[in-house]
Amino acid sequence: MKHAILFIFISLLTLSKSHAQINSSTIDHNNVSAHISDVGTYFFDYSDQNLGYEVPKGSGRHTIHSTQFWFAGKNSSNEIHFVQGGAPSQGSDVFNGPISQSGTYNTTEYQNKWENSMWSICQSEIDNYKLAFECNQDPNCNEEYPVSNEALNTIYNWPAHGDPTDGQSFYLVPFYDYPSEGGSGDGIYDPAQGDHPIIKGCCATYIIQNDAAETHSYTDTDSLGVELHIMF
């Protein structure tokens, strides 16, 4: 089956699988506090039933109630295929992980790997990792560049590659490929060799989801075969 991969970048700007478990993060920088989750509806905190896009941060004012991406099309038989996010207790049209071969989604390997398809990290943490790696290559460098265990976990588990044997794209998420002695990278993500995530902004949350892993229980429509790559 042919499928579309959509890359969506959402900048947070100011003027001065069923979701039994909701994975979430909060981008809390500059003058905005934005709650992100993998429910399929963004900027709303379903865990606490609170609005989740506050501007200015700390003011109690919320400029967005919630956001969903909607995708629709008709096939050759004029049947509608539709994707409309989701909400707990109402179902979902989007599910964690990349598009894969039919039958792969129900495997333990897939579910364990993609149960949480959100990765959050800040550029300052990436910069410190880069400096620490380069310092370790220099016998005269005695500087310390602390990187938290949480950041290290994100860097080492950055989903740069999918498994082509399962029908996944080999390259999934942007990364910097540290040059080898020959002057170029090897195309394989390996943080131990200096590779690291590439993000936009001072901090970011990256999400990989698709609309084909399960039945659309939110709209009761057929899948489009869409793979979503969203960077907040």
Side-chain angles (χ1 to χ4, degrees), residues 1-12 23 25 27 29 36 38 95-101 104-105 107 109-210 212-213 225-232:
M1 174 189 292
K2 294 182 178 179
H3 63 272
I5 299 178
L6 304 183
F7 293 89
I8 303 168
F9 298 95
I10 300 180
S11 297
L12 306 182
N23 301 299
S25 67
I27 300 179
H29 295 272
I36 314 297
D38 60 359
F95 315 98
N96 290 347
I99 288 280
S100 302
Q101 292 177 353
T104 302
Y105 304 111
T107 64
E109 180 183 4
Y110 185 95
Q111 293 177 356
N112 287 342
K113 182 173 182 179
W114 303 107
E115 179 181 6
N116 182 358
S117 288
M118 300 180 64
W119 299 267
S120 300
I121 197 166
C122 291
Q123 187 61 49
S124 59
E125 296 168 324
I126 296 173
D127 291 342
N128 267 10
Y129 183 82
K130 292 162 53 179
L131 291 169
F133 176 81
E134 291 170 355
C135 183
N136 288 335
Q137 310 307 304
D138 181 358
N140 298 316
C141 179
N142 297 312
E143 299 293 331
E144 292 187 5
Y145 302 98
V147 183
S148 68
N149 289 334
E150 183 178 2
L152 283 173
N153 184 63
T154 299
I155 291 170
Y156 271 83
N157 288 285
W158 192 244
H161 303 298
D163 187 349
T165 62
D166 284 339
Q168 301 165 11
S169 298
F170 181 66
Y171 291 108
L172 291 176
V173 179
F175 67 92
Y176 177 77
D177 196 1
Y178 198 87
S180 60
E181 293 182 1
S184 61
D186 60 4
I188 306 297
Y189 183 70
D190 184 0
Q193 298 299 319
D195 300 347
H196 53 76
I198 292 177
I199 65 170
K200 293 179 179 289
C202 58
C203 294
T205 291
Y206 201 102
I207 301 178
I208 299 178
Q209 294 185 308
N210 73 85
V226 171
E227 180 174 304
L228 296 171
H229 290 226
I230 308 174
M231 183 185 290
F232 293 93

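Just so you know, residue 1 is the first one in the sequence shown, and it goes up from there.
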Exercise. Between Asn116 (side chain) and Asp38 (backbone), is there a donor-acceptor pair under 3.5 Å?
Worked result: no
- Query: If we only count heavy atoms from C-beta on, is the Thr107 to Asp166 side-chain gap below 4.5 Å?
  - Reply: no
Is there a side-chain contact between Glu227 and His229, using heavy atoms and a 4.5 Å cut-off?
yes
Contact check, side chains of Ile207 and Phe232, non-hydrogen atoms, under 4.5 Å: yes
With sequence neighbours left out, the residues meeting disulfide (SG to SG under 2.5 Å) with Cys202 are none
Residue pairs meeting salt bridge (Lys or Arg N to Asp or Glu O under 4.0 Å), one or both in residues 122-138, sequence neighbours left out, come to Asp127-Lys130
| task | On the 0 to 90° scale, with breaks at 30° and 60°, tag the Trp158-Tyr206 ring pair as parallel, tilted or perpendicular. | result | perpendicular
Which of Asn153, Thr154, Ile155 passes side-chain contact (heavy atoms from CB on, under 4.5 Å) with Asn157? It is Asn153
Separation between OH (Tyr145) and CG (Asn136), nearest 0.5 Å, reads 10.5 Å
- Query: Tyr176 vs Tyr178 aromatic rings, parallel, tilted or perpendicular, using cut-offs 30° and 60°?
  - Reply: perpendicular
message: Does any part of the side chain of Pro191, heavy atoms only, come nearer than 4.5 Å to the side chain of Tyr129, both counted from C-beta?
response: yes
#### Entry: Phe175 and Tyr189 aromatic ring geometry - parallel, tilted or perpendicular at 30°/60° bounds
perpendicular
| Min side-chain heavy-atom separation Ile36-Met118 under 4.5 Å | yes
